[in-house]
Structure formats: C-alpha cells, structure tokens
> 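Here's a structure for you.
Both ligands and their constituent atoms are indexed starting at 1 by order of listing. Please read these numbers as outputs of a predicted model, since none were measured by experiment.
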Amino acid sequence: MAAYVFGHTNPDSDSIIGAISLAYLKNQLGQECIPARQGEISPETKFILEKFGGELPLLKTEYAGEDVYIVDHSDLAQSPKDVLEANILGIVDHHKLGDITTSAPLECWIRPVGCSNTVIKEMYDYHGIVIPKNIAGMMLCAILSDTVIFKSPTCTKIDTKACKELASIAGIEDYKALGMEMFKVKSAVEGASARELVMRDYKDFDMSGNKVGVGQLEVVDLSVFDNKKEMLFEDLKALKAEGARHTVMLLLTDIIEEGSQLLVVSDDESIIEKAFETKLQNHEAWLPKVLSRKKQVIPFLEKAFK
Ligand code: MG
Ligand code: MG
Ligand code: MG
C-alpha cells in the first residue's frame, strides 16, 4: 500500500515541496509514497512549481486507514481531522512539538532549523540518495521562503549550508536573487479577496483551551496593504465568529524593514498586549524585528494565555 506524504492545512511552500521531496526520497528507498496536500497552493508555491517543473501534489483531506508521513507540523489543529485514524509512519518537522500522538513506533525527524526541507536534505545525505536537479531547486526555494532569505531568527547555519549545496545541484548561482524574485511574487496581493489573504498562510492553535488563529503575509513593502486594512479587519472578525475563536491575528510582515504590523481581533486584547509588551492602537501594533511566527509570536502568546 502506498503511503501519503502531506504538510499542514493552508499549505505553504515548505509543506508542498516537503511532500514532493520526502515522497521522492522514500520512493528511492523502496517505499511507495504519493505526495499530497490539504488545500490550495499559494501564488509563491505556484511560482516554484512552474519554475522547476514540479507536479502539483494530490488534493486529499481524509486519511483514515491510510499509511502517512506528516511534514511541517505536528499539531492536530493543522492536520486532517481523521489523522489519528491513519497509520502515522513518520513526522518530519521544524516546529514546536505538537499534540499528534501515535500508537505504534514511528520515524521522527524534528529539528530546530529554519525549514522542513532542510531536515529532508539531511535525510537525503544520511541515506546517500542523490537529489534530482529540479527537486533541489524546489527545496532551495522552500528554505529561502521559510527563512525569509536567511533573515528569520529561525535560520541556522545548517539551513544556509543546505541552500548552498542545493543551489549547486540545481545549477543556480545567485540564489538570493531567486529568493527576492519569489518574495515579489508573494507580495502581489491585488485582486485577492480578504479571505484569500487572511488564509494564505494561516494557522489555528489551541492555547490553554482557547482557539487562537494567526495568519501571516510576508511582503517586500507594507504599502500594498494601505487601502486593505478595513477589509482585512472585517474578515478577521468574520473568521473569529465562524470558528468560535478567542482571538484571530494577522501579521503583516515587511521583510525589508524587518518587522510586523499586527492586526488583532480578540475577546481580550490585554492578553495580546501582555504577550508582546505593547499597547494596541485601534487593534494594531508595530512589532519591530518580528519576522517569525513560530519563534517570535506563538511562544509569547502561549505563555500569555496560560
Ligand atoms: Mg509551513
Ligand atoms: Mg516550514
Ligand atoms: Mg512561513
């Protein structure tokens, strides 16, 4: 029986490319694997797949009774609803340990690096499997995306080393330029609905029994949101009501200025103010130097909610 490999809901480039790169590795090792995804891909991921001729993973959201590998998350809230009814063969991730548990032993590769594809690169090296040129190019892009071209505090030497090696396999000289090209694609928000923007890179968390959603949009210039704030706030309010959430936040991250404008809709804004030691003005605050949701946002929120 073929196993499925999938990343988190609202898949980002790491989740999509991770499904492709891990499935290829497993196939080379003699285990039949199919790359899958839980949702629609972003313009950034589309750019990467088109650039390197990658195939769009299969859209599949139910996995009861299937063999699966999980990539780029270990939180139930970001996994398929029936994931605990699947046979989880392995997890490859770079986030905090989540609440997915298994009843049988599994293969687990979880490391504090900038990207799941960095971990997968180490798996290829460990097994001595050659990475095809096009997959190397896609993995390179996933790492450049997750580490915000090495600017994110989540980026480690292991990530930069992996990028160098992947770029040489892919035959790409100026990979930082490739990263900027990709972030310019990511910054195009014109024509997208508020819901599309909020959900583009959105995650739900359980924080001490409260449902908390945090979206993030990484752009090269925050002025693209100048006349969109109102519609974004309207949608955050709607999303909060739909899912009986305590809080929904959106980080508008400026990767050049290196900071994030935080938009908040919450039952208790004081928790958010406490988390970031800031005062909200009209439900907004500027968080200087904040680029990483997993390292600079979620840990402080979880602490404030305790
Ligand atoms: Mg991800
Ligand atoms: Mg990732
Ligand atoms: Mg990200």
> Taking just the N, O or S atoms of Asp14, which one is nearest to the Mg ion (ligand 2)?
OD2

> Salt bridge between Lys240 and Asp267, side-chain N to carboxylate O under 4.0 Å?
yes

> Just to confirm my numbers, could you give the angle made at the Mg ion (ligand 1) by OD2 of Asp12 and NE2 of His8, rounded to 10°?
100°

> If you count heavy atoms of other groups shown closer than 6.0 angstrom to CG of Asp99, is the number above 12?
yes

> Strictly by modelled atom types, are His73 and Asp93 linked by a side-chain donor-acceptor pair under 3.5 Å?
no

> Tell me which N, O or S atom from Asp146 is the closest to the Mg ion (ligand 2).
OD2

> Whether the Asp226 and Ser223 side chains hold a donor-acceptor pair (N or O, under 3.5 Å, no angle test) is what I'd like checked.
no

> If you round to 10 degrees, what value do you get for the angle at the Mg ion (ligand 2) between Asp72 atom OD1 and His94 atom NE2?
90°

> Using a distance threshold of 2.8 Å, state whether an N, O or S atom of Asp93 lies below it from the Mg ion (ligand 2).
no

> What are the two closest heavy atoms between Leu263 and Phe233, and how far apart are they?
CB-CZ, 3.7 Å

